[in-house]
**Student:** 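Right, I'll just put the structure down here and ask away after.
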Amino acid sequence: MSTRPGGRSARVRDAVLEAVHAELVDRGYLGMTVENVADRAGVHKTTVYRRWGTVDVLIADALDRGRDVAWTAPDTGSAEGDLIALAHEVVDTFTDPVRSRVPIALVAAALQSSRARQAKHDYYAARHAAAAGIVERAVERGELPPRTDPAELVRQTCAPLFYRVFVSGEPLDRATGERAARAALAAARAGVL
């Protein structure tokens with residue numbers, strides 16, 4: 001007996017997790033309820049309670065789904081180009097008033113939920129692992145020392161950008177992204193990372 005790929009269960013999960021995103025954006029973590037998610041998703045609340053149980057589990061699953069979306073690290077032919085392209089992805093996401101709403105809401109929710117915090121950690125660990133190719137290629141080309149830590153290079157590239165978004169509220173633009181990428185690259189070339 002064969003099963004349909006995805007089927008009703010996958011459609012319900014997609015609808016519910018889209019509703020989680022919308023509820024987080026509209027109401028925030030503290031205003032989000034299982035009932036509101038069910039209403040927005042067009043499913044009965046018992047469906048949501050049975051599968052997810054709590055708001056924290058819903059948020060964690062939404063983050064997990066983001067981790068499962070295929071993402072390929074930039075491959076421009078140089079470490080500098082790859083890191084700048086990576087920084088531009090972050091800048092473009094957080095300067096877009098529509099695209100930025102969900103990631104900002106998810107990060108804010110993770111500040112209040114240990115389960116969501118772990119899911120956010122797992123999401124970024126997966127992204128760091130996917131970005132390791134930037135360093136591997138750069139080491140092969142002789143652009144970076146062999147012991148460069150891929151995750152730390154990605155963190156150092158993106159941290160100044162996230163700082164502006166979540167801490168200082170300073171403007172974010174592509175020039176800022178390029179400076180962050182070049183600073184991280186200089187640190188890596190110097191063997192600091």
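Keep in mind it's a predicted model, so treat the numbers as computed, not measured.
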**Student:** Show your reasoning for whether side chain to side chain contact (heavy atoms under 4.5 Å, CB included) applies to E35 and V48.
**Tutor:** CA-CA 8 Å; E35 291 82 3; V48 179; over 6 Å; no
**Student:** To the nearest 0.5 Å, tell me how far S78 OG sits from L185 CG.
**Tutor:** 8.5 Å
**Student:** Tell me, with the steps shown, if E80 and R189 meet salt bridge (Lys or Arg N to Asp or Glu O under 4.0 Å).
**Tutor:** CA-CA 11 Å; E80 181 176 29; R189 285 180 173 154; 5.5 Å; no
**Student:** Under the rule for side-chain hydrogen bond (donor to acceptor under 3.5 Å, both in side chains), what residues qualify as partners of T46, not counting sequence neighbours?
**Tutor:**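 So T46 forms a side-chain hydrogen bond (donor to acceptor under 3.5 Å, both in side chains) with H44.
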**Student:** Compare all side-chain heavy atoms of L161 with those of L172 and state whether any distance is below 4.5 angstrom.
**Tutor:**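 Side-chain contact under 4.5 Å: yes.
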**Student:** In this structure, would L30 and V20 fall into the same cluster of hydrophobic residues linked by side-chain contacts under 4.5 Å?
**Tutor:**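 Yes, same cluster.
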**Student:** Taking salt bridge (charged side-chain N to carboxylate O under 4.0 Å, His left out) as the definition, give me every residue that meets it alongside R174, ordered by chain and number, with sequence neighbours left out.
**Tutor:** D92
**Student:** What's the separation between atom CG in D61 and atom CH2 in W52, rounded to the nearest 0.5 Å?
**Tutor:**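 Interatomic distance, D61 CG to W52 CH2, rounded to 0.5 Å: 6.5 Å.
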**Student:** Working to the nearest 0.5 angstrom, can you tell me the gap between H21 NE2 and L58 CG?
**Tutor:** 10.5 Å
**Student:** Could you tell me which non-hydrogen atom of L86 sits nearest to which non-hydrogen atom of P74, and how far apart they are?
**Tutor:**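 Reported closest heavy-atom pair: N-CG, 3.7 Å.
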**Student:** Starting from the C-alpha separation in whole Å, work towards a yes-or-no answer on side chain to side chain contact (heavy atoms under 4.5 Å, CB included) for V16 and R51.
**Tutor:** CA-CA 10 Å; V16 167; R51 182 160 179 179; over 6 Å; no
**Student:** Is there a side-chain contact between V55 and E23 (heavy atoms, below 4.5 Å)?
**Tutor:** no
**Student:** For D149 and A151, which heavy atoms make the closest approach, and how far apart are they?
**Tutor:** OD1-N, 3.0 Å
**Student:** Quick one: salt bridge (charged side-chain N to carboxylate O under 4.0 Å, His left out) partners of R155, sequence neighbours excluded?
**Tutor:** E152
**Student:** Aromatic rings H128 and Y124: how do their planes relate, parallel, tilted or perpendicular, breaks at 30° and 60°?
**Tutor:**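 Geometry flag for Y124 against H128: tilted rings.
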**Student:** Group every Ile, Leu, Val, Met, Phe, Trp and Tyr by side-chain heavy-atom contacts under 4.5 Å, then state whether F94 and Y123 land in the same group.
**Tutor:**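 Shared cluster, yes.
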**Student:** Establish whether L153 and W71 are linked, either directly or via other cluster members, by ILVMFWY side-chain heavy-atom contacts under 4.5 Å.
**Tutor:** yes
**Student:** Who are the side-chain contact (heavy atoms from CB on, under 4.5 Å) partners of A116, not counting sequence neighbours?
**Tutor:** I59, L63, A110, S113
**Student:** Enter the distance from T176:OG1 to R164:CZ here, rounded to the nearest 0.5 Å.
**Tutor:** 4.0 Å
**Student:** Can you tell me how far CG of L83 sits from OG1 of T157, rounded to the nearest 0.5 angstrom?
**Tutor:** 4.5 Å
**Student:** Hey, are the side chains of R40 and D26 touching, using non-hydrogen atoms and a 4.5 Å cut-off?
**Tutor:** yes
**Student:** Treat each ILVMFWY residue as a node, draw an edge where side-chain heavy atoms are under 4.5 Å apart, and state whether V43 and V57 are in one component.
**Tutor:**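 Hydrophobic grouping puts V43 with V57.
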**Student:** What pair of heavy atoms forms the shortest contact from A73 to A130, and how long is it?
**Tutor:**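 For A73 and A130, the tightest heavy-atom pair comes out as CB-O, 3.5 Å.
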**Student:** Determine whether V90 and V165 make a side-chain contact, defined as any pair of heavy atoms from C-beta on separated by less than 4.5 Å.
**Tutor:** no
**Student:** Under the rule for side-chain hydrogen bond (donor to acceptor under 3.5 Å, both in side chains), what residues qualify as partners of T54, not counting sequence neighbours?
**Tutor:**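 By the side-chain hydrogen bond (donor to acceptor under 3.5 Å, both in side chains) rule, T54 matches no residue at all.
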**Student:** Using side chain to side chain contact (heavy atoms under 4.5 Å, CB included), reason through T33 and R27 one step at a time and then give a plain yes or no.
**Tutor:** CA-CA 9 Å; T33 66; R27 300 176 195 261; over 6 Å; no
**Student:** What salt bridge (charged side-chain N to carboxylate O under 4.0 Å, His left out) pairs are there with at least one residue in residues 114-129, not counting sequence neighbours?
**Tutor:** R67-D122
**Student:** Assess whether side chain to side chain contact (heavy atoms under 4.5 Å, CB included) is satisfied between L111 and Y29, documenting all intermediate values.
**Tutor:** CA-CA 9 Å; L111 293 172; Y29 174 79; over 6 Å; no
**Student:** Report yes or no: do V34 and V12 belong to one cluster of Ile/Leu/Val/Met/Phe/Trp/Tyr joined by side chain heavy-atom distances under 4.5 Å?
**Tutor:** yes
**Student:** Measure across A138 and A79 and return the closest heavy-atom pair with its distance rounded to 0.1 Å.
**Tutor:** CB-CB, 3.7 Å
**Student:** Less than 4.5 Å apart, any side-chain heavy atom of F166 and any of I104?
**Tutor:** yes
**Student:** Quick one: pull up CZ in R101 and CG in L106 and give me the separation to the nearest 0.5 Å.
**Tutor:**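 So the gap between those two atoms works out to 12.5 Å.
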**Student:** Of the non-hydrogen atoms in L193 and A184, which two are nearest, and what is the gap between them?
**Tutor:**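 Nearest pair, atom of L193 first, then A184: CD1-O, 3.6 Å.
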**Student:** Return the minimal non-hydrogen interatomic distance between V135 and T148, and the atom names on each side.
**Tutor:** CG1-O, 3.8 Å
